[in-house]
Amino acid sequence: MSVFLDDQTLGAAIKKLLRAPRLRCAVAFWGNGAVASLFGEGGLPADAEIICDLTMGGTNPAEVRALGAPRNNRLKHLPGLHAKVYISQSGLIVSSANASNNGIGFVDQPKLREAGTLHEPGSEAYQAATKWFGAIWKQAHPVDDAALIQAEESWRRKAPPPRAVSPVAGSLLDLVLAEPERFRGVGFAFTTSNSSTDQRNEAADAVV
């Protein structure tokens, strides 16, 4: 039996599936706070197998480390992976949702309208998915130190460009707290007095 999961039911179904044994995820992107929010204090189960993408800039390097990189040999990456396939002993979910708050909603309501399907263990779809996962697992690469560097470079390149914004009440720091993703890759220097051009240039050089 297969069940359609809409944006109101998908997140809860993924969270439930992730708590079951024999977890295998071919999920492209892992966003801020995913590991702690989805797996709790115990962290990623020791027998879990994860494949992600590190080339498109959608996976946070901090989450790759939280998944155990570079020492976890059950964590791999596959360039160009864009799938979102969650498998465990409780079933299979194929969906559009990455392991991110926007997709699953593990901190607050997801900002993206996702959908997917849930398939029972032993079903034809489940068996086909586990076979597919085994095939791409053999093609995927270990997440070693070099892969972590690649993840960091891709993450920086993916930083959103500046855009016009509506005025908001409060200070610049209030805006940073409200929308931190808009300031990824941006640094700030604070002073208690007026600064000269030379001092500003010196501060800019120091953070390059």
Side-chain angles (χ1 to χ4, degrees), residues 1-7 9-31 34-35 37-40 42-61 63-106 110 112-144 146-148 150-151 154:
M1 182 181 70
S2 298
V3 177
F4 176 74
L5 302 169
D6 63 16
D7 56 300
T9 57
L10 177 62
I14 291 176
K15 294 173 192 175
K16 181 179 178 181
L17 184 146
L18 291 175
R19 292 193 291 268
R22 193 65 183 97
L23 178 62
R24 287 151 290 174
C25 297
V27 177
F29 308 138
W30 293 71
V35 177
S37 299
L38 295 174
F39 300 110
L44 186 70
D47 65 344
E49 294 179 341
I50 307 291
I51 309 173
C52 63
D53 171 83
L54 302 180
T55 63
M56 289 183 275
T59 295
N60 187 332
E63 296 306 309
V64 180
R65 290 186 173 86
L67 288 167
R71 295 175 298 278
N72 184 1
N73 61 11
R74 291 179 177 269
L75 171 64
K76 294 188 176 184
H77 71 105
L78 185 63
L81 177 71
H82 201 252
K84 293 86 180 174
V85 176
Y86 302 84
I87 308 169
S88 75
Q89 285 186 0
S90 73
L92 157 72
I93 292 178
V94 181
S95 77
S96 58
N98 285 298
S100 67
N101 184 56
N102 283 343
I104 296 177
F106 43 70
L112 302 177
R113 182 159 291 186
E114 311 279 10
T117 54
L118 170 65
H119 307 269
E120 291 182 334
S123 65
E124 184 176 340
Y126 184 93
Q127 293 175 4
T130 55
K131 182 178 180 180
W132 171 82
F133 184 92
I136 67 168
W137 180 260
K138 294 176 181 177
Q139 300 168 15
H141 313 289
V143 181
D144 54 16
L148 278 171
Q150 180 184 44
S154 299

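Residues: numbered from 1 along the sequence shown.
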Verify, without hydrogens or angle tests, whether [X] (side chain) and [Y] (backbone) share a donor-acceptor contact under 3.5 angstrom.
X   : Y    : answer
S88 : L18  : no
N60 : G31  : no
E63 : W30  : no
S96 : G116 : no
D53 : G80  : yes

What pair of heavy atoms forms the shortest contact from [X] to [Y], and how long is it?
X    : Y    : answer
G122 : Q127 : O-NE2, 3.1 Å
L5   : A13  : CD1-CB, 3.8 Å
L38  : A99  : CD1-CB, 4.3 Å
I51  : A140 : CG2-CB, 4.1 Å
G105 : P110 : CA-CD, 3.7 Å
F133 : A26  : CE1-N, 3.8 Å

Got a second to check how far [X]'s [atom1] is from [Y]'s [atom2], nearest 0.5 Å?
X    : Y   : atom1 : atom2 : answer
H119 : I87 : NE2   : CD1   : 10.5 Å
K76  : C52 : NZ    : SG    : 12.0 Å
K84  : I14 : NZ    : CD1   : 11.0 Å
L67  : R74 : CG    : CZ    : 14.0 Å
N72  : E49 : CG    : CD    : 9.5 Å
T55  : L81 : OG1   : CG    : 9.0 Å

* Would a 4.5 Å heavy-atom cut-off, applied to side chains only, mark R19 and S90 as touching? -> no

* What is the ring orientation for F29 with H82, classed by angle as parallel under 30°, tilted 30 to 60°, or perpendicular over 60°? -> perpendicular

* To do: Show your reasoning for whether side chain to side chain contact (heavy atoms under 4.5 Å, CB included) applies to L23 and D47.
  => CA-CA 7 Å; L23 178 62; D47 65 344; 5.6 Å; no

* Full working for side chain to side chain contact (heavy atoms under 4.5 Å, CB included) between Y86 and V27 -> CA-CA 7 Å; Y86 302 84; V27 177; 3.6 Å; yes

* To do: Show the numbers, then the answer: is there a side chain to side chain contact (heavy atoms under 4.5 Å, CB included) between W137 and R24?
  => CA-CA 10 Å; W137 180 260; R24 287 151 290 174; over 6 Å; no

* Structure fact -> Residue set satisfying side chain to side chain donor-acceptor pair (under 3.5 Å) with S95, at least two apart, ordered chain then number -> none

* Residue from T9, I93, L92 passing side-chain contact (heavy atoms from CB on, under 4.5 Å) with L118 ->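 For L118, the side-chain contact (heavy atoms from CB on, under 4.5 Å) test succeeds with only one of T9, I93, L92, which is I93.
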
